[in-house]
Amino acid sequence: MPELPEVETIKRGLEKVILGKKITEVCVNNPLVIREPAPAVFKRSLEGLTIKNILRRGKLLILELSNGQALTIHLKMTGQLVYPGKAKNSRVSFHLAGGKVLDFNDQRLFGELRVVRDWKKLKFVQGLGPEPFDLTSADFKDMLSKKKTKIKPLLIDQGFISGIGNLYAAEILFRAKINPERSSQSLTGKEKEALYKEIKQVLSSAIKHGGSSVDNYVRLSGKPGDYARFHQVYGREGKPCFVCGNPVKRIAQGGRGTYFCPKCQK
Ligand SMILES: [Zn+2]
């Protein structure tokens, strides 16, 4: 699933090409991805509006529109935004003034598109924890000491901190040398600091390289992201750890696969 770096990459891509453009026509080819309002209203309410601002909150993309409303896009598992699109095999195509098209593709149809009056009032948004780049080290340490859960499930809990998913949690914990099974309360001050630093470091580096294309994620241009070649543990079960040479291990935590090096991560 696209996480903060992938959504941020798409957001930055969109800013360069569709900001200030008018939506001339919306073609809904599969209404299942439209969560609100009804597909016909969704289409009608967007046509003729201009894209004023493009934001990201956690893994959610927000396109603020000229009438004060917003189009929110959650890519979920297999959603893609491609520009210029082909308006062929897309779930929804947004035709823009000038003739180009923004395609929303989604193989598994878990994606969620909404047109809402106030995106900040979405229940999902209100439940989100702070943005990693807005957090101070002191706040983060305080947040950790209040939780008793295991650190890996905590990092991917969107209510705790927003934008980190299964892939980046594994990469962050490896670099911070913390075992994913540790309880958050058991972390020392030094470990908390390392974790804080690695969250910012890993996410910024992944953004710099256009995100990780491991499943369906592509950049706005349709090209894959480059960050997968920097992965240390994610998807590397049984392969030698780049630091110590011992095999990378995969365990299940809350139904999700967690990759780590039992020797490097204590
Ligand atoms: Zn190792």
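Read the numbers this way: they start at 1 and go in the same order the structure lists the ligands and their atoms. Note: hydrogens, waters and symmetry copies are ignored here, and every other heavy atom, side chains too, is used.
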Next on the checklist: According to a hydrophobic-cluster definition based on side-chain heavy atoms being under 4.5 Å apart (Ile, Leu, Val, Met, Phe, Trp, Tyr only), do Phe94 and Leu32 belong together?
Outcome noted: yes
Checklist entry - What protein N/O/S atoms lie closer than 2.8 Å to the Zn ion (ligand 1)? => result Cys241 SG, Cys244 SG, Cys261 SG, Cys264 SG
Checklist outcome for this item: The residue among Lys59, Arg91, Arg35 that forms salt bridge (charged side-chain N to carboxylate O under 4.0 Å, His left out) with Glu112 is Arg35
Next on the checklist: For the residue pair Arg236 and Phe174, would you count it as a cation-pi contact if the rule is NZ or CZ under 6.0 angstrom from the ring centre and within 45 degrees of the ring axis?
Outcome noted: no
Item to check | Positive for side-chain hydrogen bond (donor to acceptor under 3.5 Å, both in side chains) with Arg114, one of Glu36, Gln69, His74 | outcome: Glu36
Checklist entry - Can you list the steps and then say if Leu155 with Leu195 is a side chain to side chain contact (heavy atoms under 4.5 Å, CB included)? => result CA-CA 10 Å; Leu155 284 181; Leu195 186 56; 4.2 Å; yes
Next on the checklist: So does Ile164 get a backbone contact from the side chain of Gln158, meaning a donor-acceptor N/O pair under 3.5 Å?
Outcome noted: yes
